[in-house]
Student: 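Structure incoming, see below.
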Amino acid sequence: MAGIAPERLAEQWIPGDPELRSLDRFPDFLAARRSLLANVLNELLGLPRYDAQATHRDTDELPADEELIVEDPTAPTLVGAKVQELRTKHGVEIHAVYEGQRVDAYYDPASRVVRIPSGPGQGEYETPSGAAVALVHDLNPHVNPNRNGWTFWTVTATGRLLQSIR
């Protein structure tokens with residue numbers, strides 16, 4: 001980068017401090033560039049300036065288990081007549097298509113448990129999001145697997161998102 005004009009680097013939101021451009025300072029370079037990019041975007045969107053002092057996790061860093069997707073366990077469950085009509089012997093049939101592969105599962109509206117009986121992600125999960133994360137991780141382990149299960153899964157009988165019977 002030493003041979004590139006400073007104004008050209010600034011056009012690409014490359015930090016102006018040349019000392020940040022060494023391999024041992026790469027994390028600092030990323031933090032400075034993140035701040036530059038966030039501030040220009042926040043300005044365009046009319047949002048407050050980015051606080052570089054706050055802790056921000058890199059997007060490809062996996063969160064702790066309890067931070068994956070927070071779902072309110074006290075939210076009312078819908079086990080009304082319409083949802084009951086969708087139930088089979090194993091629960092409400094749901095499915096997801098990810099990476100071109102369809103995976104079938106069952107959702108229990110009373111407990112909110114999702115069970116994937118076979119294939120990728122096979123297992124029983126306390127939440128739809130937990131099941132979605134497991135499935136994404138199995139099918140594509142190189143991406144951040146976080147997914148909102150309510151919008152990831154589809155109710156097979158209706159073709160609508162799982163959130164439609166939440």
Side-chain angles (χ1 to χ4, degrees), residues 1-75 94-105 107 112-155 159-166:
M1 286 189 224
I4 301 173
E7 59 273 5
R8 296 293 299 168
L9 294 174
E11 290 172 353
Q12 299 300 317
W13 294 279
I14 303 295
D17 183 356
E19 294 199 10
L20 293 178
R21 299 182 199 141
S22 64
L23 190 55
D24 61 322
R25 297 285 310 273
F26 189 64
D28 298 325
F29 171 85
L30 289 177
R33 188 157 193 242
R34 177 187 305 123
S35 183
L36 291 169
L37 289 167
N39 280 326
V40 75
L41 290 172
N42 284 357
E43 184 180 324
L44 286 170
L45 296 170
L47 298 173
R49 291 191 55 79
Y50 173 78
D51 180 6
Q53 300 304 318
T55 58
H56 300 280
R57 196 172 49 223
D58 287 336
T59 56
D60 56 352
E61 178 184 327
L62 293 177
D65 286 344
E66 66 273 5
E67 295 179 273
L68 284 176
I69 301 286
V70 178
E71 295 182 11
D72 184 359
T74 62
I94 60 175
H95 69 275
V97 177
Y98 182 77
E99 294 286 307
Q101 187 167 346
R102 178 182 164 132
V103 175
D104 294 310
Y107 170 69
R112 296 189 174 181
V113 166
V114 170
R115 187 173 62 80
I116 303 173
S118 62
Q122 179 177 358
E124 189 168 287
Y125 304 91
E126 293 180 8
T127 64
S129 295
V133 166
L135 176 60
V136 169
H137 178 72
D138 275 7
L139 290 175
N140 193 354
H142 304 293
V143 300
N144 183 334
N146 288 350
R147 299 293 186 273
N148 179 333
W150 299 105
T151 57
F152 183 83
W153 296 99
T154 300
V155 178
R160 296 177 63 199
L161 296 177
L162 182 57
Q163 72 183 7
S164 68
I165 62 168
R166 189 174 188 184

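In this text, all values refer to a predicted model and were calculated from it rather than measured experimentally.
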Student: Using the test side chain to side chain contact (heavy atoms under 4.5 Å, CB included), find all partners of S22 that sit at least two apart in sequence or belong to another chain.
Tutor: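 Checked S22 against side chain to side chain contact (heavy atoms under 4.5 Å, CB included); matches are D24, R25.
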Student: Side chains of I165 and Y107: closer than 4.5 Å at any heavy-atom pair?
Tutor: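 Heavy-atom side-chain distance check passes, below 4.5 Å.
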Student: To the nearest 0.5 Å, tell me how far D104 CG sits from R102 CZ.
Tutor: 4.5 Å
Student: Going by side chain to side chain contact (heavy atoms under 4.5 Å, CB included), name the residues that satisfy it together with V136, two or more places apart in sequence or in a different chain.
Tutor: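 Partners of V136 under the side chain to side chain contact (heavy atoms under 4.5 Å, CB included) test: Y98, V143, P145, R147, F152.
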Student: Can you tell me how far CH2 of W153 sits from CG of N148, rounded to the nearest 0.5 angstrom?
Tutor: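 N148 CG to W153 CH2: 12.5 Å, rounded to 0.5 Å.
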Student: Looking only at heavy atoms, which two atoms of G16 and P18 are closest? And how far apart?
Tutor: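 Of all heavy-atom pairs spanning G16 and P18, the closest is O-CD, 3.0 Å.
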Student: Could you work out, with side chain to side chain contact (heavy atoms under 4.5 Å, CB included) as the rule, every residue matching P117, not counting sequence neighbours?
Tutor: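 With sequence neighbours excluded, P117 shows a side chain to side chain contact (heavy atoms under 4.5 Å, CB included) to Y106, R115, given in chain and number order.
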Student: If every non-hydrogen atom of I94 is compared with every non-hydrogen atom of V155, which pair is closest and at what distance?
Tutor: CG2-CA, 4.1 Å
Student: Report, one line per pair, each donor and acceptor closer than 3.5 Å where one atom sits in a side chain of residues 39-46; sequence neighbours left out.
Tutor:
residue : atom : partner : partner atom : Å
N39     : OD1  : Y50     : N            : 2.6
N39     : ND2  : S35     : O            : 3.1
N42     : ND2  : P48     : O            : 2.9

Student: Quick one, V114 with E124, criterion side-chain contact (heavy atoms from CB on, under 4.5 Å). Give me CA distance, side-chain angles, the key distance, then yes/no.
Tutor: CA-CA 6 Å; V114 170; E124 189 168 287; over 6 Å; no
Student: Nearest heavy-atom pair of P15 and L20: which atoms, and what distance?
Tutor: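 So the two residues come closest at CB-CD1, 3.9 Å.
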Student: Output all residues satisfying side chain to side chain contact (heavy atoms under 4.5 Å, CB included) with L161, sequence neighbours left out; order by chain, then residue number.
Tutor: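 Only T151, T154, Q163 meet the side chain to side chain contact (heavy atoms under 4.5 Å, CB included) criterion with L161.
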Student: Between T127 and G130, what is the shortest heavy-atom contact and its length?
Tutor: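 Shortest heavy-atom separation between T127 and G130 comes out as OG1-N, 2.9 Å.
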Student: Which atom names give the shortest non-hydrogen contact between I116 and G121, and what distance separates them?
Tutor: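 The answer is CD1-O, 3.4 Å.
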Student: How many angstroms lie between CZ in R21 and CD1 in I4, if you round to the nearest 0.5 Å?
Tutor: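 It comes to 8.5 Å.
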Student: So, taking the atom named NE2 in H137 and the one named CG in L139, what distance separates them when rounded to the nearest 0.5 Å?
Tutor: 10.5 Å
Student: List the residues meeting side chain to side chain donor-acceptor pair (under 3.5 Å) with R8, not counting sequence neighbours, and say none if there are none.
Tutor: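 Only E11 meet the side chain to side chain donor-acceptor pair (under 3.5 Å) criterion with R8.
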Student: What are the two closest non-hydrogen atoms of W13 and L36, and how far apart are they?
Tutor: O-CD1, 3.6 Å
Student: Measure the CG-CD distance between L135 and Q101 for me, rounded to the nearest 0.5 Å.
Tutor: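 Answer rounded to 0.5 Å: 8.0 Å.
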